[in-house]
Structure formats: C-alpha cells, structure tokens
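Reviewing the structure listed below.
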Amino acid sequence: MTKFPYIRQDFAASLVVFLVALPLCVGVAVASGVPAELGLVTGIVGGLVTGMLRGSSLQVSGPAAGLTVLVFEAVQEFGLPVLGVIVLVTGVLQITMGVLKLGRYFRAISLSVVEGMLAGIGLVLIAGQLYPALAAKAPDSGPGKIAGLPGAFLDALGDGGALASLALGAGTVAVLVLWKHAPAKVRTVPGPLAAVGLATLAALLLGLPVATVEVQGLLDSVQPPPLSAFGELAGLGVLGTIVAFTLIASAESLFSAAAVDRLHDGPRTQYDRELVAQGAGNALCGVLGALPMTAVIVRSAANVQAGARTKASRVLHGLWLLLFAALLPGALAYIPIPALAGILVYSGAKLIPVRSLAALWREHRGEALILVVTAVSIVAVSMFEGVLIGLALSIVKTAWEASHLKLEVVDKGAGPIDAHLSGNATFLRLPKILDSLEALPQDRPIRVDLSGLHHLDHACRTALESWAERHSDAGTEPVRVTAEPVKVTAA
C-alpha cells in the first residue's frame with residue numbers, strides 16, 4: 001500500500017470515469033459513422049496507453065465530441081481505412097511537436113478562436129444529431145443540416161416511429177439537464193449513464209420501434225489500415241484533414257489540461273510531455289483503425305471530482321472499458337440510437353459559450369466577433385476552413401491593435417509647425433499618417449518628431465520621405481525630421 005498510497009481513491013474514481021466514458025465512447029463512434037466498438041478502442045487506448053505516460057496526471061483521454069463532425073466528414077470522403085492513416089500521422093505530428101517543445105505554444109492560440117471552433121462544432125453536432133433523434137437521414141453539409149430541420153420535424157409528425165424516437169431523445173436530454181437536481185445518493189450514478197440506462201429500459205419495456213446500436217464485436221471492428229491507404233497521403237484533402245486533426249486535437253487537449261489544473265492542487269501539466277502522450281495514443285489508435293483521441297474535460301472533471309489522486313484512476317478506467325468490450329459487447333445492441341443522439345445534443349450545447357459570449361461582447365467586441373465568425377464559418381464551410389478564417393481574423397486584429405499610432409500637431413500660429421508621432425507606425429496605419437501630414441499647410445516649415453515611435457516599418461519610412469520631398473518642393477523650408485525611433489524594420 002505504501003507504493004500506491006491513494007489506491008482506494010483512484011479505484012473509486014476510475015469506476016466513476018468508466019461509467020461516464022462508456023456512453024460517450026459509444027455515442028461519439030456512432031455519430032462519427034464508425035462501428036461503436038471503435039469508440040471503446042479509443043477509450044481503452046486513452047486509459048491504458050496515454051494514461052500511463054507523463055504529462056497531465058489527472059486528465060482523461062478518449063474519443064471527443066469536438067472531433068465528431070470532422071471524423072464523420074473524413075470517413076464519408078476518404079473511407080474508414082484512410083481514417084486510420086490520418087489518425088496515425090496526426091499522432092506522429094503530435095509526438096514530433098512535443099519533442100520539439102512546441103506544446104506550450106498552443107496556449108498562444110486566441111481563446112476566441114478555440115471557443116469559436118468549439119461553438120461551431122457544437123452547432124453542427126446539435127443539427128446533425130437531431131436527425132437520428134427523428135429517425136431521419138442527415139444531409140451532408142452544415143447549412144443543409146440546419147436548413148433541413150424544419151422539414152424533418154414536419155415529416156416526423158405523421159410517423160409514429162419517428163415520434164417515439166424523438167421522445168426518447170428528448171427524454172435523454174431532459175434527464176441530463178435535470179440530473180444535477182436529483183438527490184445526492186442518486187447522483188452517485190453519472191448522468192450520461194443514467195440517461196442511456198433509463199432510455200434503454202424504456203425502449204425495452206414499452207417495445208418502442210427505435211433504432212439500436214449495431215454490434216460487430218471488438219476484434220471484428222479493429223481493422224488496421226492497409227498499405228494501399230497510405231497512398232492517399234499524396235492528396236491535398238487528406239493532408240488538410242491531418243492538419244485540422246492535429247491542430248484541433250492538440251489545442252483541445254492542452255486547453256483541457258489548463259482547465260483541469262485549475263480543479264486540483266496536485267502536479268501541474270507538463271505541456272510538451274502531454275502532447276507526446278496524446279500523440280502516442282493517437283498513433284496507436286491509427287494503427288488499430290480507431291477514432292482519434294483528445295483529452296476530454298467531461299471525463300477529466302469527473303475524475304477530479306470523484307477524488308482521484310494519481311494517474312492510476314485513468315489507467316484503471318481504460319481497463320474497465322477493455323473488460324466491458326471483451327465480456328459484454330452484446331449489451332451495446334440494446335442501446336437506442338436516439339438516446340446517444342440526446343447525449344451528443346446535450347454535449348454539443350455545452351460547447352456553445354453563450355454566457356461568456358455575452359460578457360465578451362460587452363468587454364471585447366473584437367474578440368466576440370472572431371468567436372462568432374469562426375463558429376459561423378465552420379457551419380457554413382467546413383471545420384478546417386473555419387478554423388483558418390478564425391486564426392486569420394485573430395492575426396489581423398492583433399496586428400491592427402499593435403499598430404496604434406498617435407499624431408499630435410502643435411501650431412502656434414507663426415513659425416514652424418511641430419508634428420509629434422508616437423506609437424507604432426506600420427503599413428496598416430499608413431493612410432492615416434499620410435492624410436494627417438498632407439493636411440498640414442504647404443506654405444509653412446514643418447518639424448516632424450519621431451522620438452515617440454516604438455516601431456517604424458519600411459513602408460511608413462518610405463512614405464514619410466516621399467511626403468517630405470513633396471512638401472519641400474513647394475518652395476518652403478525643407479521638412480526637418482528629428483529623433484529617430486527605437487526600431488526600424490522592413491515591411
């Protein structure tokens with residue numbers, strides 16, 4: 001016991017995390033368009049492999065709702081064998097970035113872009129999962145999913161099976177929403193497990209005509225990618241998907257680690273090692289043809305709140321998933337699809353930061369705009385393009401704010417006019433500089449003081465020299481420029 005002083009706490013926490021992870025693993029797999037067992041495989045690898053490695057001691061990894069949309073698109077476009085290749089290469093890239101100590105730089109990604117990314121995923125996830133809740137087929141595109149919802153609801157009104165499916169899905173969401181108000185003893189059962197369990201029981205007792213999970217068996221579902229699938233790496237579409245997987249999985253995992261660190265007072269996350277651990281897990285998932293993994297804040301928070309003290313809890317949770325997949329795979333066949341859809345609709349709604357968006361709009365409207373544009377772009381175009389648009393907007397906003405420039409003109413009515421420039425003179429502010437300087441009187445001598453500038457790029461310097469030459473050509477005393485700025489760079 002001295003070697004494992006917290007084994008009791010970790011053992012109890014592992015059971016809680018297992019019960020939270022089980023329905024989520026299955027739900028994410030089904031929503032991603034792959035066999036349910038592959039979600040369990042990713043959860044097992046997240047526990048037994050990533051859980052053993054150093055990085056973040058208490059956060060738990062597995063298939064995440066945040067990657068569901070992107071995985072579904074990849075499976076539809078490239079096929080399941082190529083998904084394994086994509087996940088494998090994603091893992092290798094994560095390991096490489098961790099070894100090169102790039103993990104800490106993911107924290108430099110604008111929080112608005114990350115929240116916008118998650119909000120966009122949440123919107124597409126909700127829209128997409130309402131269709132299986134209605135026993136209907138979802139359109140392929142994000143806008144198509146949203147536009148088709150009214151018609152799908154109208155079609156369901158005249159279909160008894162669709163109404164039963166919708167009622168089961170809505171009941172699952174209701175249980176998840178109201179579970180926090182249940183008595184403390186009842187809440188010892190995790191909400192997702194209770195919601196799926198009650199939905200399964202209702203479907204069986206009432207004989208509801210709803211779709212259930214298709215079971216293939218663990219070994220039958222594991223299909224390592226064939227060598228021929230690696231030839232798809234020559235395609236730009238596959239390479240773009242790999243970049244998107246790497247960016248999103250890494251950012252989500254490291255942001256989750258930062259959030260988990262705030263929940264406990266134990267060892268802090270070592271970001272580069274955590275990125276290597278995530279990469280090792282994804283590389284193995286790719287070899288097994290399973291789903292990609294990230295650190296999952298729902299499971300991680302449950303782990304901390306259940307009293308976990310070391311990484312033993314997350315390793316044990318992986319063991320319980322393995323035992324379930326090996327000994328009770330047939331139990332999956334009783335789980336109704338609408339119940340899993342309800343869980344993912346609830347998970348998608350939690351990805352949309354409604355409260356923080358309202359606060360952000362009051363205090364930093366530029367950041368709020370980036371969040372909204374990123375989310376809308378993901379819905380309207382695709383995950384990868386939406387994230388790139390968000391990053392581009394964030395960079396432009398930062399560059400614009402960094403180029404703050406102030407021009408103060410002192411005109412005493414006679415003698416030379418003094419123009420004092422302060423701040424950062426970049427090409428972004430060039431029109432403002434020229435408009436202000438060209439508005440000065442042409443028949444008066446002018447002295448330009450640059451001592452207040454922190455930065456002057458090549459474009460602004462050239463424009464100032466051209467303006468000075470034009471002003472001097474008007475027959476007045478040449479413009480005098482004093483006090484060079486601290487730094488002059490090429491644009």
Side-chain angles (χ1 to χ4, degrees), residues 1-25 40 42-64 94 98 103-104 106-107 179-180 182-194 249-250 252-282 284-285 293-325 347 350:
M1 290 294 291
T2 55
K3 189 175 182 180
F4 302 102
Y6 303 113
I7 191 62
R8 284 187 181 179
Q9 296 96 318
D10 290 333
F11 182 84
S14 72
L15 292 174
V16 172
V17 178
F18 159 68
L19 295 174
V20 171
L22 179 60
L24 291 175
C25 285
L40 293 175
T42 299
I44 292 165
V45 173
L48 298 182
V49 178
T50 303
M52 284 289 292
L53 299 175
R54 298 173 67 184
S56 177
S57 60
L58 296 183
Q59 82 169 350
V60 185
S61 300
Q94 287 181 306
R104 69 195 71 177
F106 273 88
R107 291 182 290 172
W179 197 248
K180 61 185 176 183
K185 289 184 178 180
V186 176
R187 290 201 310 273
T188 54
V189 179
L193 184 71
S250 302
E252 191 169 340
S253 293
L254 297 182
F255 273 99
S256 171
V260 173
D261 279 352
R262 291 195 290 270
L263 298 177
H264 66 91
D265 55 4
R268 305 292 91 182
T269 296
Q270 300 175 55
Y271 286 90
D272 297 317
R273 285 181 172 175
E274 179 62 16
L275 198 53
V276 171
Q278 294 293 327
N282 272 319
L284 182 55
C285 286
M293 75 165 59
T294 70
V296 186
I297 188 61
V298 175
R299 290 170 222 181
S300 303
N303 190 38
V304 175
Q305 290 161 5
R309 303 293 294 274
T310 72
K311 63 184 179 182
S313 62
R314 60 187 191 180
V315 176
L316 286 172
H317 118 276
L319 178 61
W320 309 145
L321 286 173
L322 176 60
L323 291 175
F324 177 87
S347 299
K350 295 189 75 172

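In this structure, the side chains of Leu22 and Leu321 come closer than 4.5 Å at one or more pairs of heavy atoms. Using a 4.5 Å cut-off on side-chain heavy atoms (C-beta onward), Val260 and Val304 make contact.
Between Thr50 and Ala277, the shortest heavy-atom contact is OG1-O, 3.3 Å. Pairing each heavy atom of Met293 with each of Cys285, the nearest pair is CE-SG, 3.8 Å. The shortest non-hydrogen separation linking Ala64 to Val296 is CB-CG2, 4.2 Å. Looking at every heavy atom in both residues, Trp320 comes nearest to Ser14 through NE1-OG, 2.9 Å. Shown here for Val20 and Ala302, the closest heavy-atom pair between the two residues is CG2-CB, 4.2 Å. Closest non-hydrogen pair, Pro23 versus Leu193, comes out as CG-N, 3.9 Å.
Between the side chain of Ser300 and the main chain of Val60, a donor-acceptor pair closer than 3.5 Å is present. At distances below 3.5 Å, not a single donor-acceptor pair connects side-chain atoms of Lys311 with backbone N or O atoms of Ser57. Asp261 places a side-chain N or O within 3.5 Å of a backbone atom of Thr269 that can act as its donor or acceptor partner. Here the side chain of Arg187 pairs no donor or acceptor atom with the backbone of Trp179 at under 3.5 angstrom. A side-chain donor-acceptor contact under 3.5 Å links Asn303 to the backbone of Leu58. Between the Asp10 side chain and the Thr310 main chain, a donor and an acceptor come within less than 3.5 Å of each other. Of the possible polar contacts, none joining the Arg299 side chain to the Ala21 backbone as a donor-acceptor pair under 3.5 Å is found.
The one candidate from Ser61, Ser253, Pro63 that meets the side chain to side chain contact (heavy atoms under 4.5 Å, CB included) condition with Thr294 is Ser253. Applying side chain to side chain contact (heavy atoms under 4.5 Å, CB included) to Leu48 and the options Leu322, Leu316, Leu284 leaves one that passes, Leu322.
At most 12 non-hydrogen atoms from other residues, nucleotides or ligands lie less than 6.0 angstrom from CZ of Arg54.
Side chain to side chain, Gln278 and Ser250 fail the donor-acceptor criterion of an N or O pair below 3.5 Å. Between the side chains of Glu274 and Gln270, no donor N or O sits under 3.5 Å from an acceptor N or O.
Here NE2 of His264 is found 8.5 Å from CD of Gln59. Values are rounded to the nearest 0.5 Å.
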